[in-house]
Protein chains: 2
Amino acid sequence: MDHDVRRQELAAAVGRVIARDGVAEVSIRSVAAESGWSSGALRHYFGTRGELLAFACEQVIDQVTERITAMPVPDGVREGVKAVLLETMPVDERRHAEATIAFSFLALGLGDPALARVHRLQFTKMYELCRQLAAHLTVGDDVETTARRLHALVDGLSVHVLAGHLTSGEMVRQLDDYLGELTA
Amino acid sequence: MDHDVRRQELAAAVGRVIARDGVAEVSIRSVAAESGWSSGALRHYFGTRGELLAFACEQVIDQVTERITAMPVPDGVREGVKAVLLETMPVDERRHAEATIAFSFLALGLGDPALARVHRLQFTKMYELCRQLAAHLTVGDDVETTARRLHALVDGLSVHVLAGHLTSGEMVRQLDDYLGELTA
DNA sequence: ACCTTTGTAACACAGTCGTGCGATAATGAG
DNA sequence: CTCATTATCGCACGACTGTGTTACAAAGGT
């Protein structure tokens with residue numbers, strides 16, 4: 001069997017546990033049960049729990065990142081940018097689950113340097129994307145400032161939806177409003 | 001002995017464990033060791049682990065909230081608003097720790113309805129504050145949109161600092177820039 | 001002096017954790 | 001066929017978890 005495929009499969013099981021029961025419920029055994037394999041089998045693919053977590057974190061993040069970078073470059077500027085950014089935000093059930101997972105790993109990373117490293121890579125990638133988008137949107141303004149602000153706004157809105165403080169509809173409207181002011 | 005004072009003291013110990021070792025290290029025993037009491041003593045003040053966590057979450061949040069509402073109402077509009085908002089953001093070691101704790105509880109709340117309830121209260125309070133500040137800042141614009149955007153920006157920037165993606169200096173500059181554009 | 005209440009500690013218990021180890025198939029090279 | 005390699009599993013171990021119970025010390029009213 002292909003080692004890497006199985007590792008991805010197990011990482012996906014980690015994600016499902018987090019999305020369903022919360023990050024506090026992640027353990028070797030719960031992941032084994034979720035994936036349908038035995039805990040002993042898990043140890044063949046990941047030496048330790050930390051290794052499993054780090055891989056799962058990287059995996060979920062890469063999945064979103066690759067989906068975004070594979071998207072058509074925004075041509076209809078306003079709507080294109082909106083679509084790209086929404087790809088990382090909790091707009092439907094699937095992306096809500098993904099955002100929940102990423103967010104949970106982020107909190108875990110506050111006390112685990114290995115996870116923190118994975119996340120910083122993701123943040124810089126995401127910032128680069130925002131920078132690229134900002135260059136398309138604004139003409140004379142400071143691109144860096146616009147990019148950082150857009151990046152923070154996207155993540156802030158996402159967190160507010162995950163926390164149940166905003167509905168995803170309000171979130172989309174907020175993003176839309178901001179992009180509208182930016183292109184005006 | 002005063003029951004409530006001791007409960008606050010134990011809640012503070014929970015916060016210290018989270019800030020130092022991460023949220024994954026919180027247990028009855030680790031909190032007991034941090035506070036200097038025995039685990040049996042903990043059970044006199046909190047029946048269960050969940051009760052302790054919920055109280056600690058509420059406690060840390062209330063501490064910040066009360067500090068803010070006790071601040072002088074912003075008179076010098078621009079700088080006053082900035083000072084109030086920075087009170088919730090990781091600008092120094094103390095507030096970095098507070099933000100770390102709040103953020104960790106937020107992630108925990110994604111899988112624990114009791115903690116989620118505490119947090120939603122905090123979010124609506126914070127939004128009300130942003131709404132009040134937004135009313136001072138803008139003249140004709142939609143106050144609600146401005147408030148929600150400011151709220152999301154503040155939390156987004158905070159998360160980026162906690163994740164090590166932004167320095168607190170860059171965060172402050174970003175907030176300053178945005179408030180500048182808002183008052184212009 | 002006695003007894004009740006209260007704060008604190010220590011321990012027992014069942015459960016779960018991460019991890020290591022041995023057993024059992026399956027697979028494929030020689 | 002043989003045998004080494006690999007995949008998978010189940011289990012055992014020690015450590016740690018949350019929780020309940022019991023024991024003990026201090027205090028205060030009667």
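Sequence lines set the chain letters: A, B, ... in the order given, protein chains first and strands last, and positions in each chain run from 1.
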Could you give the CG-to-P distance, from A:Leu42 to D:dA7, as a whole number of Å?
14 Å
For DNA chain C, find the residues of residues 104-119 of chain B with a heavy-atom distance under 4.0 Å and give them by number; none if there aren't any.
none
What is the bend of the helix from C:dA1-D:dT30 to C:dG30-D:dC1 when you compare the axis at one end with the axis at the other, using five pairs each and rounding to 10°?
20°
Would you please classify the geometry between the B:His160 ring and the A:Phe123 ring as parallel, tilted or perpendicular, with 30° and 60° separating the classes?
perpendicular
Could you give the CG-to-C1' distance, from B:Leu53 to D:dG18, as a whole number of Å?
12 Å
Side chain of B:Ser30, backbone of B:Glu25: donor and acceptor closer than 3.5 Å?
yes
Minimum heavy-atom distance between B:Phe105 and B:Leu53, given as atom pair plus value
CE2-O, 3.7 Å
So which pairs with a foot in residues 46-58 of chain B pass side-chain hydrogen bond (donor to acceptor under 3.5 Å, both in side chains), sequence neighbours left out?
none
Under the side-chain hydrogen bond (donor to acceptor under 3.5 Å, both in side chains) test, which residues partner B:Thr145, sequence neighbours left out?
B:Asp142
Under 4.5 Å side-chain linkage, directly or through intermediates, the cluster mates of B:Ile61
B:Val118
Ring center gap for A:His151 and B:His165 short of 6.0 angstrom
yes
Atom pairs, protein N/O to nucleotides 14-23 of chain C N/O, distance under 3.5 Å:
unit_1: C:dC17; atom_1: OP1; unit_2: A:Ser27; atom_2: OG; d: 3.1
unit_1: C:dG18; atom_1: OP1; unit_2: A:Arg49; atom_2: NE; d: 2.5
unit_1: C:dG18; atom_1: OP2; unit_2: A:Ile28; atom_2: N; d: 2.8
unit_1: C:dG18; atom_1: N7; unit_2: A:Arg29; atom_2: NH1; d: 2.6
unit_1: C:dG18; atom_1: O6; unit_2: A:Arg29; atom_2: NH2; d: 2.8
unit_1: C:dT19; atom_1: OP2; unit_2: A:Arg49; atom_2: N; d: 2.6
unit_1: C:dG20; atom_1: OP2; unit_2: A:Arg43; atom_2: NH1; d: 3.3
unit_1: C:dG20; atom_1: OP2; unit_2: A:Arg43; atom_2: NH2; d: 3.3
unit_1: C:dG20; atom_1: N7; unit_2: A:Arg43; atom_2: NE; d: 3.2

Distance, rounded to the nearest Å, where B:Arg6 contributes CZ and C:dG7 contributes C1'
8 Å
Going by side-chain hydrogen bond (donor to acceptor under 3.5 Å, both in side chains), name the residues that satisfy it together with A:Glu34, two or more places apart in sequence or in a different chain.
A:Arg16, A:Arg20
Of the non-hydrogen atoms in A:Leu157 and A:Leu175, which two are nearest, and what is the gap between them?
CD1-N, 4.1 Å
Taking OP1 and OP2 of C:dT8, is either one under 4.0 Å from a side-chain nitrogen or oxygen of B:Tyr45?
yes
Report the residues that fulfil side-chain hydrogen bond (donor to acceptor under 3.5 Å, both in side chains) with B:Thr69, sequence neighbours left out, ordered by chain and then residue number.
none
Distance-only donor-acceptor hits, side chain of residues 96-103 of chain B, under 3.5 Å, sequence neighbours excluded:
unit_1: B:Glu98; atom_1: OE1; unit_2: B:Arg67; atom_2: NH2; d: 3.0
unit_1: B:Glu98; atom_1: OE2; unit_2: B:Arg67; atom_2: NH1; d: 3.0
unit_1: B:Thr100; atom_1: OG1; unit_2: B:His96; atom_2: O; d: 2.8

Look for any protein N or O under 3.5 Å of an N or O in nucleotides 24-26 of chain D and output each such pair with its distance, or none.
none

Using the ring pair (Phe, Tyr, Trp, His ring centres under 6.0 Å) rule, collect all pairs that involve residues 9-34 of chain A, keeping only residues at least two apart or in two chains.
none
Rounded distance (Å) that lies between atom C1' of C:dG7 and atom CZ of B:Phe46:
15 Å
Of all pairs that satisfy salt bridge (Lys or Arg N to Asp or Glu O under 4.0 Å), the ones with a partner from residues 170-184 of chain A, not counting sequence neighbours:
A:Arg78-A:Asp176, A:Lys82-A:Asp176, A:Arg173-A:Asp177, A:Glu181-B:Arg149
